[in-house]
Amino acid sequence: MPELPDVENFRRYMEQHAMKQVVSEVRVTDDRILADISADQLQERMAGNQFVSTRRHGKYLLAKMSSGGWAVFHFGMTGFFVYGASADVYPKHARAVFTFEDGHFLAFDCQRLLGRLTWTDTGEDYIASQKLGPDALELDFKSFADKVAGARTMVKSALMNQERVAGIGNVYSDEILFQARIHPKTTISRLDEDRLEHLYQALRDVLETAIECEAVPEKFPADYLLPHRSEGDACPVCGGRIQKIKISGRTAYMCEKCQT
DNA sequence: AGTACCACCTGACGGC
DNA sequence: TGCCGTCAGGTGGTAC
(Lines give C-alpha, C1' and ligand atoms only; values in the text may rest on other atoms or scores of the structure.)
Protein backbone atom coordinates (compact mmCIF):
# COMPACT_ATOMS: atom_id res chain seq x y z
CA MET A 1 0.00 0.00 0.00
CA PRO A 2 2.32 2.71 -1.16
CA GLU A 3 1.73 5.87 0.82
CA LEU A 4 4.11 8.79 1.37
CA PRO A 5 6.91 6.86 3.11
CA ASP A 6 6.83 4.04 0.57
CA VAL A 7 6.88 6.44 -2.35
CA GLU A 8 9.75 8.38 -0.77
CA ASN A 9 11.56 5.07 -0.64
CA PHE A 10 10.87 4.43 -4.33
CA ARG A 11 12.12 7.93 -5.10
CA ARG A 12 15.40 7.21 -3.36
CA TYR A 13 15.64 3.86 -5.13
CA MET A 14 15.22 5.59 -8.45
CA GLU A 15 17.79 8.26 -7.52
CA GLN A 16 20.21 5.52 -6.59
CA HIS A 17 19.80 3.40 -9.69
CA ALA A 18 18.17 5.07 -12.64
CA MET A 19 19.66 8.51 -13.06
CA LYS A 20 21.90 9.90 -15.77
CA GLN A 21 21.59 6.95 -18.06
CA VAL A 22 20.11 7.18 -21.51
CA VAL A 23 16.78 5.41 -21.88
CA SER A 24 16.92 3.41 -25.08
CA GLU A 25 13.47 1.86 -24.95
CA VAL A 26 10.17 2.07 -23.11
CA ARG A 27 8.34 -1.24 -23.21
CA VAL A 28 4.74 -1.13 -22.04
CA THR A 29 3.48 -4.65 -21.47
CA ASP A 30 -0.02 -3.68 -20.30
CA ASP A 31 -1.29 -0.31 -21.39
CA ARG A 32 -3.96 -0.21 -18.70
CA ILE A 33 -1.11 1.17 -16.60
CA LEU A 34 -1.04 4.29 -18.80
CA ALA A 35 -3.14 7.41 -18.25
CA ASP A 36 -3.67 10.05 -20.93
CA ILE A 37 -0.78 8.87 -23.06
CA SER A 38 -0.09 6.02 -25.45
CA ALA A 39 2.88 3.67 -25.34
CA ASP A 40 4.14 5.18 -28.61
CA GLN A 41 3.95 8.72 -27.28
CA LEU A 42 5.77 7.70 -24.13
CA GLN A 43 8.50 6.04 -26.14
CA GLU A 44 8.82 9.13 -28.32
CA ARG A 45 9.15 11.43 -25.31
CA MET A 46 11.52 9.31 -23.29
CA ALA A 47 13.82 7.44 -25.67
CA GLY A 48 17.21 9.12 -26.03
CA ASN A 49 16.73 11.07 -22.82
CA GLN A 50 17.97 10.60 -19.27
CA PHE A 51 16.27 10.90 -15.91
CA VAL A 52 17.88 13.96 -14.34
CA SER A 53 16.02 14.53 -11.07
CA THR A 54 13.09 13.34 -9.02
CA ARG A 55 10.51 14.88 -6.77
CA ARG A 56 7.71 13.46 -4.72
CA HIS A 57 4.41 15.04 -3.85
CA GLY A 58 2.18 12.99 -1.60
CA LYS A 59 1.93 9.56 -3.17
CA TYR A 60 3.08 10.75 -6.60
CA LEU A 61 6.61 10.40 -7.90
CA LEU A 62 7.72 12.70 -10.71
CA ALA A 63 10.93 12.02 -12.60
CA LYS A 64 12.30 14.83 -14.72
CA MET A 65 13.93 13.93 -18.01
CA SER A 66 16.66 15.72 -19.91
CA SER A 67 14.05 16.70 -22.51
CA GLY A 68 12.41 18.85 -19.85
CA GLY A 69 9.23 16.83 -19.29
CA TRP A 70 8.37 14.58 -16.42
CA ALA A 71 7.39 10.93 -16.17
CA VAL A 72 4.75 10.60 -13.44
CA PHE A 73 4.30 7.46 -11.34
CA HIS A 74 1.45 6.58 -9.06
CA PHE A 75 1.80 3.22 -7.36
CA GLY A 76 -1.79 2.42 -6.59
CA MET A 77 -1.84 -0.27 -4.00
CA THR A 78 0.68 -2.78 -5.29
CA GLY A 79 3.18 -0.80 -7.35
CA PHE A 80 6.97 -0.80 -6.92
CA PHE A 81 10.21 -0.54 -8.90
CA VAL A 82 12.77 -3.19 -9.74
CA TYR A 83 16.14 -2.25 -11.18
CA GLY A 84 17.97 -5.08 -12.84
CA ALA A 85 20.73 -6.15 -15.20
CA SER A 86 20.11 -7.26 -18.78
CA ALA A 87 20.32 -10.93 -17.84
CA ASP A 88 17.75 -10.60 -15.05
CA VAL A 89 14.15 -11.58 -15.62
CA TYR A 90 11.53 -8.89 -15.27
CA PRO A 91 9.43 -9.01 -12.11
CA LYS A 92 6.18 -10.94 -12.42
CA HIS A 93 3.84 -7.99 -12.93
CA ALA A 94 6.08 -5.60 -14.83
CA ARG A 95 3.69 -3.27 -16.70
CA ALA A 96 6.29 -0.88 -18.08
CA VAL A 97 10.02 -1.36 -18.43
CA PHE A 98 12.59 1.34 -19.17
CA THR A 99 15.71 -0.10 -20.73
CA PHE A 100 18.96 1.84 -20.51
CA GLU A 101 21.76 1.91 -23.04
CA ASP A 102 23.98 -0.22 -20.84
CA GLY A 103 21.35 -2.97 -20.77
CA HIS A 104 20.09 -2.40 -17.24
CA PHE A 105 16.38 -1.80 -16.77
CA LEU A 106 13.95 -0.16 -14.40
CA ALA A 107 10.65 -2.05 -14.24
CA PHE A 108 7.41 -0.64 -12.91
CA ASP A 109 5.67 -3.65 -11.35
CA CYS A 110 2.01 -3.29 -10.49
CA GLN A 111 0.09 -6.45 -9.77
CA ARG A 112 -3.41 -5.01 -9.35
CA LEU A 113 -3.07 -2.37 -12.04
CA LEU A 114 -4.33 0.38 -9.79
CA GLY A 115 -1.14 2.36 -10.38
CA ARG A 116 -0.60 4.77 -13.25
CA LEU A 117 2.20 5.97 -15.45
CA THR A 118 1.77 9.22 -17.29
CA TRP A 119 3.60 12.27 -18.54
CA THR A 120 3.51 15.98 -17.83
CA ASP A 121 5.36 18.95 -19.29
CA THR A 122 5.34 20.78 -15.95
CA GLY A 123 5.46 19.14 -12.53
CA GLU A 124 3.60 21.96 -10.80
CA ASP A 125 0.78 21.86 -13.32
CA TYR A 126 0.34 18.16 -12.83
CA ILE A 127 0.10 18.48 -9.05
CA ALA A 128 -2.41 21.28 -9.46
CA SER A 129 -4.44 19.31 -11.98
CA GLN A 130 -4.74 16.42 -9.53
CA LYS A 131 -6.00 18.92 -6.93
CA LEU A 132 -3.40 17.69 -4.47
CA GLY A 133 -3.07 19.51 -1.20
CA PRO A 134 0.34 20.27 0.28
CA ASP A 135 2.67 17.35 0.83
CA ALA A 136 2.21 16.00 4.36
CA LEU A 137 5.83 16.69 5.31
CA GLU A 138 5.82 20.24 3.97
CA LEU A 139 2.78 21.26 5.93
CA ASP A 140 3.31 23.59 8.90
CA PHE A 141 1.03 23.52 11.90
CA LYS A 142 -0.89 26.61 10.88
CA SER A 143 -1.79 25.24 7.45
CA PHE A 144 -2.63 21.93 9.04
CA ALA A 145 -5.02 23.63 11.44
CA ASP A 146 -6.63 25.52 8.52
CA LYS A 147 -6.63 22.99 5.69
CA VAL A 148 -7.14 19.73 7.51
CA ALA A 149 -8.68 20.49 10.87
CA GLY A 150 -11.33 22.79 9.43
CA ALA A 151 -13.19 19.79 8.04
CA ARG A 152 -16.47 18.76 9.58
CA THR A 153 -15.69 15.13 9.09
CA MET A 154 -14.12 12.21 10.89
CA VAL A 155 -10.44 12.73 11.58
CA LYS A 156 -9.44 9.60 9.65
CA SER A 157 -11.28 10.77 6.54
CA ALA A 158 -9.74 14.22 6.81
CA LEU A 159 -6.21 12.81 7.01
CA MET A 160 -6.82 10.58 4.00
CA ASN A 161 -8.28 13.34 1.83
CA GLN A 162 -5.54 14.09 -0.71
CA GLU A 163 -7.01 17.50 -1.47
CA ARG A 164 -6.45 18.54 2.13
CA VAL A 165 -3.07 16.93 2.68
CA ALA A 166 -1.25 14.69 0.23
CA GLY A 167 0.44 11.43 1.10
CA ILE A 168 -1.54 9.73 3.88
CA GLY A 169 -3.54 6.57 3.14
CA ASN A 170 -5.41 3.97 5.12
CA VAL A 171 -2.45 2.35 6.87
CA TYR A 172 -0.58 5.46 7.99
CA SER A 173 -3.73 7.30 9.04
CA ASP A 174 -4.34 4.42 11.46
CA GLU A 175 -0.78 4.69 12.74
CA ILE A 176 -0.93 8.46 13.16
CA LEU A 177 -4.19 8.22 15.10
CA PHE A 178 -2.85 5.40 17.22
CA GLN A 179 0.27 7.40 18.11
CA ALA A 180 -1.83 10.47 18.83
CA ARG A 181 -4.25 8.33 20.91
CA ILE A 182 -7.21 9.74 19.02
CA HIS A 183 -10.27 7.72 18.02
CA PRO A 184 -10.55 7.66 14.20
CA LYS A 185 -14.24 8.60 14.28
CA THR A 186 -13.66 11.83 16.18
CA THR A 187 -14.91 14.87 14.29
CA ILE A 188 -11.66 16.66 13.55
CA SER A 189 -13.01 20.17 13.95
CA ARG A 190 -13.93 19.31 17.54
CA LEU A 191 -10.36 18.60 18.66
CA ASP A 192 -9.02 21.25 21.02
CA GLU A 193 -5.73 23.04 20.31
CA ASP A 194 -3.69 20.65 22.46
CA ARG A 195 -4.96 17.50 20.81
CA LEU A 196 -4.64 19.06 17.38
CA GLU A 197 -1.02 19.87 18.04
CA HIS A 198 -0.54 16.35 19.32
CA LEU A 199 -2.06 15.01 16.10
CA TYR A 200 0.15 17.21 13.95
CA GLN A 201 3.24 16.06 15.82
CA ALA A 202 2.20 12.41 15.44
CA LEU A 203 1.69 12.94 11.72
CA ARG A 204 5.23 14.22 11.29
CA ASP A 205 6.80 11.67 13.61
CA VAL A 206 5.08 8.71 12.03
CA LEU A 207 5.92 9.68 8.45
CA GLU A 208 9.53 10.54 9.26
CA THR A 209 9.99 7.37 11.30
CA ALA A 210 8.46 5.26 8.54
CA ILE A 211 10.86 6.76 6.00
CA GLU A 212 13.80 6.03 8.32
CA CYS A 213 12.54 2.46 8.68
CA GLU A 214 12.27 2.24 4.89
CA ALA A 215 8.60 1.44 5.40
CA VAL A 216 9.48 -2.11 6.43
CA PRO A 217 7.08 -3.19 9.23
CA GLU A 218 9.73 -5.27 11.03
CA LYS A 219 11.91 -2.19 11.48
CA PHE A 220 9.23 -0.06 13.12
CA PRO A 221 9.47 0.97 16.78
CA ALA A 222 8.00 -1.49 19.26
CA ASP A 223 5.04 0.73 20.12
CA TYR A 224 3.82 1.01 16.52
CA LEU A 225 0.46 -0.38 15.48
CA LEU A 226 1.47 -1.13 11.90
CA PRO A 227 2.94 -4.61 12.45
CA HIS A 228 -0.21 -5.49 14.44
CA ARG A 229 -2.85 -4.51 11.92
CA SER A 230 -5.07 -7.51 12.34
CA GLU A 231 -8.20 -8.07 14.34
CA GLY A 232 -7.64 -9.48 17.80
CA ASP A 233 -3.88 -8.90 17.78
CA ALA A 234 -2.42 -7.50 21.00
CA CYS A 235 -2.10 -3.74 21.29
CA PRO A 236 1.64 -2.98 21.51
CA VAL A 237 0.96 -0.38 24.20
CA CYS A 238 -1.70 -1.78 26.55
CA GLY A 239 -1.95 -5.42 25.49
CA GLY A 240 -5.66 -5.09 24.75
CA ARG A 241 -7.23 -6.41 21.59
CA ILE A 242 -6.90 -4.52 18.31
CA GLN A 243 -10.29 -3.82 16.79
CA LYS A 244 -11.31 -3.66 13.18
CA ILE A 245 -13.97 -1.09 12.33
CA LYS A 246 -15.36 0.40 9.12
CA ILE A 247 -15.11 4.10 8.39
CA SER A 248 -16.76 5.24 5.15
CA GLY A 249 -16.12 1.86 3.63
CA ARG A 250 -12.47 1.66 4.67
CA THR A 251 -11.08 -0.76 7.24
CA ALA A 252 -9.56 0.93 10.25
CA TYR A 253 -7.58 -0.81 12.97
CA MET A 254 -7.45 0.73 16.41
CA CYS A 255 -7.21 0.12 20.14
CA GLU A 256 -10.35 1.21 21.92
CA LYS A 257 -8.55 1.47 25.23
CA CYS A 258 -5.74 3.69 23.97
CA GLN A 259 -7.65 5.83 21.48
CA THR A 260 -10.39 8.07 22.81
C1' DA B 1 -19.59 20.08 2.26
C1' DG B 2 -20.52 15.79 3.79
C1' DT B 3 -21.58 10.44 3.41
C1' DA B 4 -22.37 6.08 1.04
C1' DC B 5 -21.54 3.06 -2.29
C1' DC B 6 -19.69 1.27 -6.72
C1' DA B 7 -16.02 0.29 -10.14
C1' DC B 8 -11.48 -0.67 -11.36
C1' DC B 9 -8.01 -4.79 -10.68
C1' DT B 10 -5.58 -9.44 -9.06
C1' DG B 11 -4.67 -12.95 -5.95
C1' DA B 12 -5.16 -14.94 -1.45
C1' DC B 13 -8.14 -17.15 1.57
C1' DG B 14 -12.15 -19.33 3.83
C1' DG B 15 -16.31 -22.10 3.38
C1' DC B 16 -18.50 -25.93 1.52
C1' DT C 1 -10.12 -30.72 -5.70
C1' DG C 2 -12.46 -26.78 -7.20
C1' DC C 3 -15.72 -23.20 -7.23
C1' DC C 4 -17.49 -19.01 -5.29
C1' DG C 5 -17.79 -15.02 -2.42
C1' DT C 6 -15.09 -11.69 0.04
C1' DC C 7 -11.44 -8.82 0.96
C1' DA C 8 -7.39 -5.82 0.34
C1' DG C 9 -7.08 -0.35 -0.83
C1' DG C 10 -6.00 4.35 -3.88
C1' DT C 11 -8.69 6.81 -6.69
C1' DG C 12 -12.57 8.57 -9.14
C1' DG C 13 -17.31 8.70 -10.17
C1' DT C 14 -22.29 9.11 -8.92
C1' DA C 15 -26.29 9.74 -6.06
C1' DC C 16 -28.23 11.74 -2.07
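Values reported hereafter were calculated over all heavy atoms of this structure, with side chains retained and with hydrogens, waters and symmetry mates removed.
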Inset, instruction - Do nucleotides 10-16 of chain C as a string where each nucleotide becomes B, S or -: B if the base has a protein heavy atom under 4.0 Å, S if just the sugar-phosphate does, - if no protein is that close. - result: BBS----
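- In summary, the aromatic rings of F73(A) and F81(A) are positioned with their centroids under 6.0 Å apart.
- Placement of L137(A) and L177(A) within a single hydrophobic cluster is found when ILVMFWY residues are connected by side-chain heavy-atom separations under 4.5 Å, directly or transitively.
- Proximity of K246(A) to the phosphate of dA8(C): a side-chain N or O atom is located under 4.0 Å from OP1 or OP2.
- A side-chain donor-acceptor contact under 3.5 Å links R195(A) to the backbone of R181(A).
- Side chain of R45(A) to backbone of W70(A): no donor-acceptor contact under 3.5 angstrom is found.
- Counting non-hydrogen atoms under 4.0 angstrom, T251(A) reaches the backbone sugars and phosphates but no base.
- Nucleic acid contact for K244(A): sugar-phosphate only, since backbone atoms but no base atoms lie under 4.0 Å from a heavy atom of the residue.
- Salt bridge D140(A)/K142(A): absent, no basic N to carboxylate O contact under 4.0 Å.
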Inset, instruction - Could you check F105(A) against F100(A) for ring-ring contact (aromatic ring centres under 6.0 Å, His included), going step by step and ending with a plain yes or no? - result: CA-CA 6 Å; F105(A) 65 82; F100(A) 300 106; 9.0 Å; no
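- At its two ends the helix from dG2(B)-dC16(C) to dC16(B)-dG2(C) runs along axes set 50° apart, each axis drawn from five pairs and the angle rounded to 10°.
- One atom, CD of Q111(A), and another, P of dG11(B), lie 5 Å apart when rounded to the nearest Å.
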Pairs: protein N or O with nucleotides 1-4 of chain B N or O, under 3.5 Å:
residue, atom, partner, partner atom, Å
dG2(B), OP1, R152(A), N, 2.8
dG2(B), OP2, R164(A), NH2, 2.8
dG2(B), O3', T153(A), OG1, 3.4
dT3(B), OP1, T153(A), OG1, 2.8
dT3(B), OP2, T153(A), OG1, 2.9

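- Within the 3.5 Å criterion, the main-chain N or O of A94(A) finds a donor-acceptor partner in the side chain of T29(A).
- Salt bridge status for K20(A) with E15(A): absent, with no side-chain N to carboxylate O gap under 4.0 Å.
- Between R11(A) and E8(A) a salt bridge is recorded (basic side-chain N to carboxylate O distance below 4.0 Å).
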Inset, instruction - Would you sort out whether F80(A) and F75(A) count as a ring-ring contact (aromatic ring centres under 6.0 Å, His included), showing the intermediate values? - result: CA-CA 7 Å; F80(A) 61 96; F75(A) 297 87; 8.9 Å; no
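- The two atoms that bring S230(A) and Y253(A) nearest to each other are CA-CE2, 3.7 Å, heavy atoms only.
- Atom CZ of R112(A) and atom P of dT10(B) are 11 Å apart (whole Å).
- For dT10(B), one of the phosphate oxygens OP1 or OP2 lies less than 4.0 angstrom from a side-chain nitrogen or oxygen of R32(A).
- Remark: P of dT10(B) and CZ of R95(A) are 7 Å apart, rounded to the nearest angstrom.
- Within the 4.0 Å cut-off from OP1 or OP2 of dC9(B), not a single side-chain nitrogen or oxygen of H93(A) is found.
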